[in-house]
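Note sheet for the following structure.
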Amino acid sequence: MAGQVYVISHPLVQHKLTLMRSKETSTSGFRTLLREISLLLGYEVCRDLPLSTIDIETPLAPMRAPILDGKKVVIISILRAGGGILDGMLEILPSARIGHIGLYRDPKTLVAVEYYCKLPGEMAGRDAIVVDPMLATGNSAIAAVDRIKETGPRSIKFVCLLTCPEGLRTFHEHHPDVPVYTAAIDSHLNDKSYIVPGLGDAGDRLFGTK
Ligand code: URA
């Protein structure tokens with residue numbers, strides 16, 4: 001099965017992404033834009049969440065009304081830059097449960113090694129949205145989704161700002177059942193595994209650590 005990829009072409013997403021890519025954009029500007037763009041990505045990602053119905057009473061009449069089905073959605077942030085997307089998504093999913101997965105790249109083997117994992121209880125039956133601004137080599141995303149699959153959620157989606165053909169290919173070789181939502185697919189990875197043209201190091205730009 002070929003993995004599904006959704007490029008969110010909404011003009012507001014594309015406009016904000018351009019501002020984020022610019023090296024002239026400040027840390028505070030980058031942070032604000034990431035929060036705003038993540039809210040918009042979240043809106044698209046939630047488009048097919050299942051609904052059920054409940055009985056309520058409006059001030060005028062009883063009615064049967066739609067409501068998100070099942071347990072609370074879980075947003076899982078890949079440390080550290082995933083936090084920027086998480087903040088924006090929480091604006092539209094304020095009751096979401098939150099998980100964190102920390103991974104570092106072993107400098108010799110380039111394999112992603114987990115150093116932190118805290119997920120909500122009762123993952124089975126939840127819809128999981130995994131967030132990381134950059135799907136570059138795909139290694140961290142693969143390791144994170146491996147881990148999340150062990151907990152048996154009802155569905156998993158992966159959300160990033162930017163990706164590239166190499167990252168998508170590698171990710172979907174391992175997880176063809178996990179759709180990727182992104183604002184753009186860039187040209188390629190360079191020899192330092194940065195996405196080109198990209199936006200630089202998302203964590204450094206978000207936290208001002210360069
Ligand atoms: N991580 C980043 O922050 N930027 C890239 O271009 C690739 C990975």
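Numbering of ligands and ligand atoms starts at 1, following listing order.
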Can you confirm whether H188 is buried at NE2, in the sense that more than 12 heavy atoms of other residues, nucleotides or ligands lie under 6.0 Å from that atom? yes
Got a sec: does the CZ of F207 have more than 12 other heavy atoms crowding it under 6.0 Å? yes
Assess whether a salt bridge exists between E166 and R169, defined as any Lys/Arg side-chain N lying under 4.0 Å from an Asp/Glu carboxylate O. no
Contacts of H175 that satisfy ring-ring contact (aromatic ring centres under 6.0 Å, His included) - sequence neighbours left out: F171
Using the side-chain hydrogen bond (donor to acceptor under 3.5 Å, both in side chains) criterion, which residues pair with S95? Sequence neighbours excluded. none
Per-pair distances, ligand 1 N/O vs protein N/O, less than 3.5 Å:
| unit_1 | atom_1 | unit_2 | atom_2 | d |
| --- | --- | --- | --- | --- |
| ligand 1 | 3 (O) | A202 | N | 2.7 |
| ligand 1 | 4 (N) | G200 | O | 2.8 |
| ligand 1 | 6 (O) | I195 | N | 2.8 |

Show every donor-acceptor pair shorter than 3.5 Å between a side-chain atom in residues 73-93 and any protein atom, with sequence neighbours excluded, or say none if there are none.
| unit_1 | atom_1 | unit_2 | atom_2 | d |
| --- | --- | --- | --- | --- |
| S77 | OG | G83 | N | 3.2 |
| R80 | NH1 | T209 | OG1 | 3.2 |
| R80 | NH2 | D204 | OD1 | 2.9 |
| R80 | NH2 | T209 | OG1 | 3.3 |
| E91 | OE2 | R35 | NH1 | 2.4 |

